[in-house]
Structures are given as structure tokens and as C-alpha cells.
Protein chains: 2
Amino acid sequence: MVDAGAKCPKQRFMDFLAGKHLRLTSQRRTIIDTAFGTRRHFTAEQLLAWAHRRDKSVSRATVYRTLPLLTESGLVREMDFGKDYKFYDPNYAEHPHHNHIICQDCDKIVEFESEQLKQLENQISQRLGFSVQAHRLQITAHCEEFKQRGSCKKKGE
Amino acid sequence: MVDAGAKCPKQRFMDFLAGKHLRLTSQRRTIIDTAFGTRRHFTAEQLLAWAHRRDKSVSRATVYRTLPLLTESGLVREMDFGKDYKFYDPNYAEHPHHNHIICQDCDKIVEFESEQLKQLENQISQRLGFSVQAHRLQITAHCEEFKQRGSCKKKGE
DNA sequence: ATCCATGCAAAGACTTTGCATAGTA
DNA sequence: TACTATGCAAAGTCTTTGCATGGAT
């Protein structure tokens with residue numbers, strides 16, 4: 001079993017828990033369902049709000065205690081977009097190598113993958129004496145709409 | 001005047017202050033000297049410690065109030081290396097497009113630039129309808145020493 | 001039955017801010 | 001002189017943690 005895509009993220013995380021002899025509680029189940037039930041990036045506070053809506057027994061402490069497990073499993077990645085709070089990206093479970101373009105004007109975020117980019121990064125790293133473990137590329141940019149109209153509809157959302 | 005390298009970072013920051021009609025106080029001068037007097041990344045607390053060593057009148061509040069000015073000027077960049085605190089990199093003043101490789105085992109950080117990488121990023125961004133404003137690439141990797149010996153001397157530094 | 005997980009509220013770590021005073025332009 | 005900057009300490013914000021209880025395996 002090498003194909004990471006063979007099981008759904010939720011199942012893979014449950015396997016991760018089992019592998020560490022950690023228990024699958026109803027709160028954790030709710031948090032997992034919530035985290036992998038969206039493609040959106042979320043903050044700790046948002047995850048709490050969403051999970052709490054599904055199950056009132058999910059507390060802030062448990063969310064904060066589960067988040068490190070999610071990132072440790074590699075299925076969710078902690079992201080810093082220069083805001084005051086951290087975002088968590090659940091899409092690494094299915095797209096382990098994706099990158100982000102952030103529109104500076106409307107904060108729209110587009111995810112993309114590039115085999116060519118990955119190879120170039122590997123090549124450069126090798127030349128420098130490193131073997132790549134993970135990439136993290138963020139491009140800050142102005143989007144088409146901004147270029148054409150000088151602003152974005154989404155601005156301020 | 002387009003050549004960003006024409007003036008030293010310190011002078012460029014003083015120009016930035018002047019342009020905003022902000023004052024050059026002795027505390028700010030010390031902070032600037034300190035920040036641009038190193039090539040090392042630093043945390044807010046380190047910057048405070050170093051600056052305070054040069055001038056006892058530099059307070060934590062002023063450091064925290066100056067840091068946003070440094071990043072706003074574009075001469076220093078806020079970096080998140082996944083630690084609990086943020087790092088500030090003063091090398092963007094002289095190398096606006098550099099990237100980072102972080103050794104996961106010893107935390108060694110190597111900075112590098114690549115015209116090819118930059119071009120590829122521009123190309124991809126354009127295809128997606130964005131015009132690039134800034135890049136931010138971090139590669140996490142294992143270093144040569146780790147590959148050869150299974151560990152790094154620097155580990156735990 | 002064992003031992004991990006949870007909620008709550010207190011404690012922490014890092015930043016920001018109000019206010020009276022000092023200092024630059 | 002006018003107005004920004006500073007230090008100090010209090011206040012915030014986001015996270016972590018101790019403890020007694022509950023619950024998964």
C-alpha cells in the first residue's frame with residue numbers, strides 16, 4: 001500500500017491515530033469530518049465554530065489539541081499568509097505538492113500544481129547538497145480583474 | 001533612480017521614513033543599524049536584545065512599533081519557518097528574490113536565487129491570470145551531512 | 001480495568017496600546 | 001512650535017495546560 005490516494009483523507013487520519021494508539025473519540029470524529037469536509041482553508045477558531053455547530057461537545061481545547069495531530073499526519077498543512085492568524089489547508093491530503101497564488105487585492109487564493117516547478121526545485125536543491133522533503137511556494141500577485149479594473153469585486157470579503 | 005542597490009539598506013530605510021514624514025530618532029537609528037548590521041534572521045525578541053545592548057533606551061514597544069515599518073518598506077521580510085515565533089530576514093534589501101532551503105534536522109538555512117525559477121513562476125502565474133508581485137519559496141530538506149551520517153552536527157543548536 | 005481524552009478555566013507567550021513625557025523637524 | 005515617538009505597564013489575542021471526570025479499547 002503505497003498509493004496515498006487509495007483511501008480518503010478521513011480514513012487515512014484514522015489509520016494515523018490507530019498507528020499511534022490514539023483513540024477515536026466522537027469529538028475527534030467531528031473535527032475530522034469538519035476539516036476534511038471542506039476544501040477551504042480554515043483557522044483554529046473557524047474549525048472550532050464549524051465543529052461546534054455539528055456537535056456542541058467539541059471544545060476549543062480539543063480543537064487545539066487535535067490540530068497538531070492533523071499537521072503531524074501530513075494531511076493538513078499549517079499556512080502563514082501574512083495574516084495575524086494561521087490557516088490550515090486540508091488539501092494537502094489529496095494534493096501533497098500544490099502551491100498558492102494569493103491576490104493581494106482581494107485575497108483570492110488559487111492552488112496549482114506544476115511538475116516542472118517541482119523538478120526544478122529538486123534540481124536546485126540537489127546542486128546545493130540537499131534532498132528535498134517538502135516544498136512551500138506562495139506567490140503574491142494581482143489578479144486579472146484587478147489588472148483590468150484596478151480593483152477586485154471580492155475586495156473586503 | 002531605479003537601481004535598488006544604489007543605496008545601502010539603511011539609507012533606503014531612512015528615505016522610506018522621510019517619505020512618510022516619520023522621524024529618525026536615536027532609537028530607530030539603533031534598531032536600523034542592528035537590523036541591517038546582520039545577515040542573520042532574527043526574532044522580535046532578538047532584535048530587542050541586540051538593539052538594547054547598543055542603546056539601553058531602546059524598548060520592546062519601540063522594536064515592535066518599528067518592525068512593521070521595516071516590513072512595510074520591503075527591506076525586511078517576515079518569515080514563518082514553522083516555529084512558534086516569526087523571523088525577520090534583512091537580506092531582502094539586497095536580494096529581493098531569494099529563496100530558502102531549511103534542513104529539517106539541523107535547522108541550517110541556505111538562501112539561494114534562481115533566475116530560471118523566477119521565470120517559471122512568472123510564466124505559470126501569467127497563465128493563471130495573475131501578475132506576480134512577490135515570491136516566497138521554502139524548501140524543507142535533509143542536508144548532505146544528514147544524508148551521509150544520518151544526523152547533523154548542528155542538530156539542537 | 002486501563003489509560004487516554006475531554007471540558008473548563010487558569011496560565012502563558014507574544015503583541016499591541018493608552019497615556020504622559022520627550023524629542024525631531 | 002507642532003506633532004510624532006518613546007517607555008512603561010496594562011490590556012489583548014491566540015494557545016497551551018493542570019486537574020478532575022468521562023470514555024474508548
Side-chain angles (χ1 to χ4, degrees), chain A residues 10-11 13-35 41-73 76 78-88, chain B residues 10-11 13-35 41-73 76 78-88:
Chain A
K10 185 176 154 183
Q11 184 56 55
F13 186 70
M14 294 194 297
D15 292 350
F16 169 84
L17 284 183
K20 301 194 70 166
H21 301 292
L22 297 176
R23 293 167 184 173
L24 183 57
T25 62
S26 69
Q27 291 88 346
R28 278 188 181 152
R29 203 189 302 270
T30 301
I31 292 173
I32 299 165
D33 284 346
T34 306
H41 301 157
F42 50 80
T43 63
E45 212 57 31
Q46 282 178 311
L47 181 57
L48 168 64
W50 296 342
H52 197 261
R53 197 176 306 157
R54 297 185 180 209
D55 175 354
K56 297 298 180 221
S57 81
V58 174
S59 73
R60 174 171 285 106
T62 297
V63 167
Y64 274 106
R65 282 193 268 238
T66 303
L67 239 12
L69 293 173
L70 286 167
T71 58
E72 193 188 329
S73 75
V76 170
E78 199 176 279
M79 307 291 308
D80 179 353
F81 291 118
K83 303 290 177 185
D84 294 326
Y85 25 81
K86 285 173 179 168
F87 282 92
Y88 295 86
Chain B
K10 185 177 154 182
Q11 183 57 53
F13 186 70
M14 294 194 297
D15 292 351
F16 170 82
L17 284 182
K20 299 194 72 166
H21 302 291
L22 297 176
R23 292 167 186 175
L24 183 57
T25 62
S26 69
Q27 291 87 346
R28 277 188 182 155
R29 202 189 304 269
T30 301
I31 292 172
I32 299 165
D33 285 345
T34 305
H41 302 156
F42 51 80
T43 62
E45 212 58 31
Q46 283 178 310
L47 181 57
L48 168 63
W50 297 342
H52 197 261
R53 198 176 305 158
R54 296 184 181 210
D55 176 352
K56 298 296 180 221
S57 82
V58 175
S59 73
R60 174 171 285 105
T62 297
V63 167
Y64 274 107
R65 282 194 267 236
T66 303
L67 240 10
L69 293 173
L70 286 167
T71 57
E72 193 187 331
S73 74
V76 170
E78 200 176 278
M79 307 292 306
D80 178 352
F81 291 118
K83 303 289 176 186
D84 294 325
Y85 26 80
K86 285 175 179 168
F87 282 91
Y88 294 87

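Bear in mind the structure is a predicted one, so any value in this text is a computation, not a measurement. Just so we're on the same page: letters track the sequence lines, and every chain starts at 1.
In plain terms, the two heavy atoms of B:Leu70 and B:Ala35 that are nearest each other are CD1-CB, 4.4 Å.
The stretch residues 15-30 of chain B touches DNA chain D through B:Leu22, B:Arg23, B:Thr25, B:Gln27, B:Arg28, each having a heavy atom within less than 4.0 Å of the strand.
A:Asp33 pairs by the side chain to side chain donor-acceptor pair (under 3.5 Å) definition with A:Lys10, not counting sequence neighbours. Applying the salt bridge (charged side-chain N to carboxylate O under 4.0 Å, His left out) criterion to B:Lys56, with sequence neighbours excluded, gives no partner residue. For B:Phe81, the ring-ring contact (aromatic ring centres under 6.0 Å, His included) test picks out B:His41, B:Phe87, B:His100, with sequence neighbours left out.
In this structure a side-chain-to-backbone donor-acceptor pair under 3.5 Å is missing from B:Arg28 to B:Thr66.
Distance check: B:Gln27 CD to B:His52 NE2 gives 10.5 Å after rounding to the nearest 0.5 Å. Taken to the nearest 0.5 Å, the OG1 atom of A:Thr25 stands 7.0 Å off from the CD1 atom of A:Ile31. To the nearest 0.5 Å, the span separating OG1 on B:Thr43 from CG on B:Asp84 amounts to 12.0 Å.
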Test side-chain contact (heavy atoms from CB on, under 4.5 Å) applied to B:Trp50 and B:Arg54, step by step: CA-CA 7 Å; B:Trp50 297 342; B:Arg54 296 184 181 210; 5.9 Å; no
Could you go step by step and tell me if B:Val76 and B:Phe13 meet the side-chain contact (heavy atoms from CB on, under 4.5 Å) rule? CA-CA 10 Å; B:Val76 170; B:Phe13 186 70; over 6 Å; no
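Whole-Å rounding puts the A:Lys83 NZ to D:dT13 C1' distance at 17 Å. Protein atom CD1 of B:Ile31 is 11 Å distant from nucleotide atom C1' of D:dA5, rounded to whole Å. When the C1' atom of D:dT15 is taken as reference, atom CD of A:Glu78 falls 12 Å away, rounded to whole Å. At whole-Å resolution of the value, CG in A:Leu67 and C1' in C:dA5 are 16 Å apart.
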So what does the secondary structure string of DNA chain C come out as, 5' to 3', with Watson-Crick or wobble pairs under 3.5 angstrom, [ ] for crossing and | for pairs with another strand? |||||||||||||||||||||||||
Nucleotide by nucleotide, 5' to 3', does protein get under 4.0 Å of the base (B), only the sugar-phosphate (S), or neither (-) in nucleotides 10-17 of chain C, counting heavy atoms? ----SSBB
